[in-house]
Colleague: 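One structure coming up, written as structure tokens, with questions to follow.
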Amino acid sequence: MMLDLSAYLVIGPEQGGDRGVLATIDAAAQGGLTAVQLRDKHASARQLVNLAGQLRRVLAGTGIRLFINDRLDVALAAGADGVHLGQSDLDVEQARRIAGPDFLIGLSASTEAQITRASALPAGTVDYLGIGPVFDTTTKADAPPGLGLAAVARLCSGTALPCVGIGGITAENAASVWSTGLAGLAVVSMICGAADPAKATARLLVGRSQPVRSAAR
Ligand code: TZP
Ligand code: MG
């Protein structure tokens, strides 16, 4: 199955709000969601595995991939499709050895040096790169200022790996973000904060060029 990262929702209980994580994902799925990342920096491993299990059940049969932020142990225990690792999380080559060849691994890489290093990894180590923040965002407390579209396009063109952009993407700017050559757009508030998550997800996909540049796996 092709790895389609084009509409990528990052969500945890906090962002799920009153609607809740499962209902938000369910609604976003109607709008064309292709990937979900469970991200909760405060939950215990057990809480995360439990919630991930619920997400798996909601996503079963949809083809939407489930990633867990930071925690390979949780991702494997919950039977998620993959993990998203940051530059200070578990090393991706170690993660690949633990997880085996079929598991998906995403890596945050937002500088030229990080992109170069990630691109030099043995083939099959990393499935995609996360680049951000694309624009300024207040959703992530410690996020640096936005890179801007020109820098994102440059970073993206520096690697053969599919890249997903995150940070400050809105209904108003999503189409312009697609022009950078990204394989996917990842959002928190555009979908979680929307009155209609299905519509917001569909809007995220406006401007996507075909075919999606994604690895076949
Ligand atoms: N990583 C970089 S920016 C960000 C994360 C998790 C938050 C993105 O949230 P929003 O609301 O889509 O700007
Ligand atoms: Mg992380």
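Quantities reported herein were computed from a predicted structural model and do not represent experimental measurements. As the structure lists them, so they are numbered: ligands from 1, and atoms in each ligand from 1. No hydrogens, no waters, no symmetry mates; every other heavy atom, side chains included, goes into these values.
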Colleague: Donor-acceptor pair, distance only, cut-off 3.5 Å: does the side chain of R65 make one with the backbone of Y8?
Modeller: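 Judged by distance alone, no pair lies under 3.5 Å.
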Colleague: Provide, to 0.1 Å, the distance between atom 12 (O) of ligand 1 and the closest protein heavy atom, together with that atom's residue and name.
Modeller: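 Result for atom 12 (O) of ligand 1: V188 N, 2.9 Å.
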Colleague: So with a 6.0 Å cut-off around CD of E93, is the heavy-atom count from everything else above 12?
Modeller: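 Counting other residues, nucleotides and ligands, CD of E93 exceeds 12 neighbours.
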Colleague: Please tabulate, one pair per line, all N/O donor-acceptor pairs under 3.5 Å involving side-chain atoms of residues 47-55, not counting sequence neighbours.
Modeller:
from: Q47; atom 1: OE1; to: S44; atom 2: N; distance (Å): 2.9
from: Q47; atom 1: OE1; to: S44; atom 2: OG; distance (Å): 3.4
from: N50; atom 1: ND2; to: R46; atom 2: O; distance (Å): 3.4

Colleague: Main chain of A27, side chain of Q30: is a donor-acceptor contact present, judged purely on distance under 3.5 Å?
Modeller: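 No; zero donor-acceptor contacts below 3.5 Å.
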Colleague: Using distance alone, decide if ligand 1 has a nitrogen or oxygen within less than 3.5 Å of any nitrogen or oxygen in G168.
Modeller: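 Right, the criterion is met.
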Colleague: Tell me which protein heavy atom sits closest to atom 13 (O) of ligand 1, plus the residue, atom name and distance to 0.1 Å.
Modeller: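 Of the protein heavy atoms, T137 OG1, 2.6 Å lies nearest.
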Colleague: Salt bridge or not for R96 and D127, using N-O below 4.0 Å?
Modeller: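 The answer is yes: the pair qualifies as a salt bridge.
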Colleague: Looking only at protein heavy atoms, which one is nearest to atom 1 (N) of ligand 1, and what is the separation?
Modeller: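 Nearest protein contact, heavy atoms only, for atom 1 (N) of ligand 1 is K140 CD, 3.5 Å.
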Colleague: Would you kindly specify which portion of A143 sits under 4.0 Å from ligand 1, judged on non-hydrogen atoms: side chain, backbone, both or neither?
Modeller: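 Looking at A143 and ligand 1, no heavy atom falls under 4.0 Å.
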Colleague: For D18, does the CG atom have more than 12 heavy-atom neighbours from other residues, nucleotides or ligands under 6.0 Å away?
Modeller: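 It does not: D18 CG has 12 such atoms or fewer within range.
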Colleague: Can you list the atoms of ligand 1 that are under 4.0 Å from a heavy atom of V187?
Modeller: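 Those qualifying, in numeric order: 12 (O).
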Colleague: Search all heavy atoms of D81 against all heavy atoms of L66 and return the closest pair with its distance.
Modeller: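 Heavy atoms of D81 and L66 come nearest at OD2-N, 2.7 Å.
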Colleague: Give every protein N, O or S atom lying under 2.8 Å from the Mg ion (ligand 2), naming each by residue and atom.
Modeller: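 Near the Mg ion (ligand 2), below 2.8 Å, one finds D70 OD1, D89 OD2.
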Colleague: Which of these, H84, Q87, Q114, sits in a side-chain hydrogen bond (donor to acceptor under 3.5 Å, both in side chains) with S108?
Modeller: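 Looking at H84, Q87, Q114, the match for S108 under the side-chain hydrogen bond (donor to acceptor under 3.5 Å, both in side chains) is H84.
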Colleague: Which bit of M190 gets closer than 4.0 Å to ligand 1, counting heavy atoms only: side chain, backbone, both or neither?
Modeller: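 Neither part.
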Colleague: Where is the nearest protein heavy atom to atom 10 (P) of ligand 1: which residue, which atom, and how far?
Modeller: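 Ranking protein heavy atoms by distance from atom 10 (P) of ligand 1, first comes T139 OG1, 3.4 Å.
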Colleague: Do P144 and P133 come within less than 4.5 Å of each other through their side chains, counting heavy atoms only?
Modeller: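 Side-chain contact under 4.5 Å: yes.
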Colleague: Would you call L155 and C163 a side-chain contact if the rule is heavy atoms closer than 4.5 Å?
Modeller: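 No, too far: nothing below the 4.5 Å cut-off.
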